[in-house]
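Reading through the structure tokens given below for one structure.
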Amino acid sequence: MATADTNKKPRPKVALVCSNFTMQSAFGLLILALNSARLGYETMIYFTFEGLNMIRPGKLADLRYYQTGVDPSEEKVGEYTAELHAQMDKKDIPYCEDMLAMAHHEGVRFLACKTSADLFDLEQRDFMEGVEIMLASDFLKQATGSDLHMVF
């Protein structure tokens, strides 16, 4: 007679990579991470290069919306970002800061690229609580066999 443990299927696994620090990258990344976790999938996000700013305390307030094909001058970018925030408020859509906190609370693993952290002189204390600093090779070992891989 089989026990409950032998009949148990492994949880689907989702591995996401974030190398950008834009509102559109953060939004897509966090929507998928949250939904993945809520579906019961083992979910991990590997933050690298500029994406490391996503998991640094206070940095998400600096996220900007860069519309494709539009002059990326700071004045215009600020305008577009404010317009998007107004639309999110109107539609009751959470900001990236809130979605990141929800994802962390719901068990999404946040992994920081060690090489990128070293490049920017970042240490464990520079990241939010619960972030694991990891070599790319270790992330690849953990991500191998994932059911879904996506890069933002």
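When reading the values below, keep in mind they use all heavy atoms of this one structure, side chains included, and skip hydrogens, waters and symmetry mates. Predicted model only: the values in this text are computed from it and were never measured.
Note that OG of Ser137 and NZ of Lys114 are 11.5 Å apart. Values are rounded to the nearest 0.5 Å. Here the CE atom belonging to Met128 is positioned 8.0 Å from the CD1 atom belonging to Ile55, to the nearest 0.5 angstrom.
With contacts defined as side-chain heavy-atom distances shorter than 4.5 Å, the pair Leu63/Leu60 qualifies. Side-chain contact check for Glu106 versus Arg38: some heavy-atom pair is nearer than 4.5 Å. Contact annotation: the side chain of Tyr41 never approaches that of Arg11 to less than 4.5 Å [non-hydrogen atoms, C-beta and beyond]. No side-chain heavy atom of Val14 sits under 4.5 Å from any side-chain heavy atom of Met150.
Here the closest heavy-atom approach between residue Lys13 and residue Gln142 is recorded as NZ-O, 2.7 Å. Here the closest heavy-atom approach between residue Tyr65 and residue Leu84 is recorded as CG-CD2, 3.8 Å. For the pair Asp98 and Pro94, the tightest heavy-atom approach, listed with the atom from each and the gap, is CB-CB, 4.1 Å.
Checked options Met54, Glu97, Met102; the residue passing with Leu30 is Met54 (criterion: side chain to side chain contact (heavy atoms under 4.5 Å, CB included)).
A donor-acceptor contact closer than 3.5 angstrom links the side chains of Thr48 and Ser116. Side chains of Arg56 and Asn53: a donor-acceptor N/O pair is present below 3.5 angstrom, by distance only.
Thr144 contributes a side-chain N or O that, together with a main-chain N or O of Leu140, makes up a donor-acceptor pair within less than 3.5 Å. Side chain of Lys59 to main chain of Leu52: no donor-acceptor pair is present (N/O by atom type, distance under 3.5 Å, no hydrogens or angles). Within the 3.5 Å criterion, the main-chain N or O of His149 finds no donor-acceptor partner in the side chain of Ser146. Using modelled atom types, no side-chain atom of Asn35 and backbone atom of Leu32 make a donor-acceptor pair closer than 3.5 Å. Remark: side-chain polar atoms of Arg109 are not paired, donor with acceptor, to backbone N or O of Thr43 under 3.5 angstrom.
Within 6.0 Å of atom NE2 in His105, 12 or fewer heavy atoms from other residues, nucleotides or ligands are found, so the atom counts as exposed in its surroundings. Residue Phe49 qualifies as open at atom CZ: its count of foreign heavy atoms under 6.0 Å is 12 or below.
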Q: Please lay out, stage by stage, how Met99 and Ile31 fare under the test side chain to side chain contact (heavy atoms under 4.5 Å, CB included).
A: CA-CA 8 Å; Met99 287 193 286; Ile31 288 287; 3.7 Å; yes
Q: In sequence, state the C-alpha distance, the side-chain angles, and the governing distance for Val108 and Leu34, and then conclude on side chain to side chain contact (heavy atoms under 4.5 Å, CB included).
A: CA-CA 8 Å; Val108 174; Leu34 269 169; 5.9 Å; no
Q: Determine, stepwise, if the pair Ile93 / Gln87 fulfils side chain to side chain contact (heavy atoms under 4.5 Å, CB included).
A: CA-CA 8 Å; Ile93 296 171; Gln87 188 71 354; over 6 Å; no
Q | CA sep, side-chain torsions, deciding dist, call: Phe127, Ile133, side chain to side chain contact (heavy atoms under 4.5 Å, CB included) | A | CA-CA 9 Å; Phe127 297 107; Ile133 298 176; 4.0 Å; yes
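Using bins of under 30°, 30° to 60° and over 60° for the plane-to-plane angle, the ring pair Phe139/Tyr46 lands in the parallel bin. Using a 30° and 60° split on the angle between ring planes, Tyr95 and His85 fall in the parallel class, below 30°.
For Tyr66 and Tyr80, the ring centers sit 6.0 Å or farther from each other.
No single ILVMFWY cluster, assembled from side-chain heavy atoms under 4.5 Å apart, contains both Ile45 and Val151.
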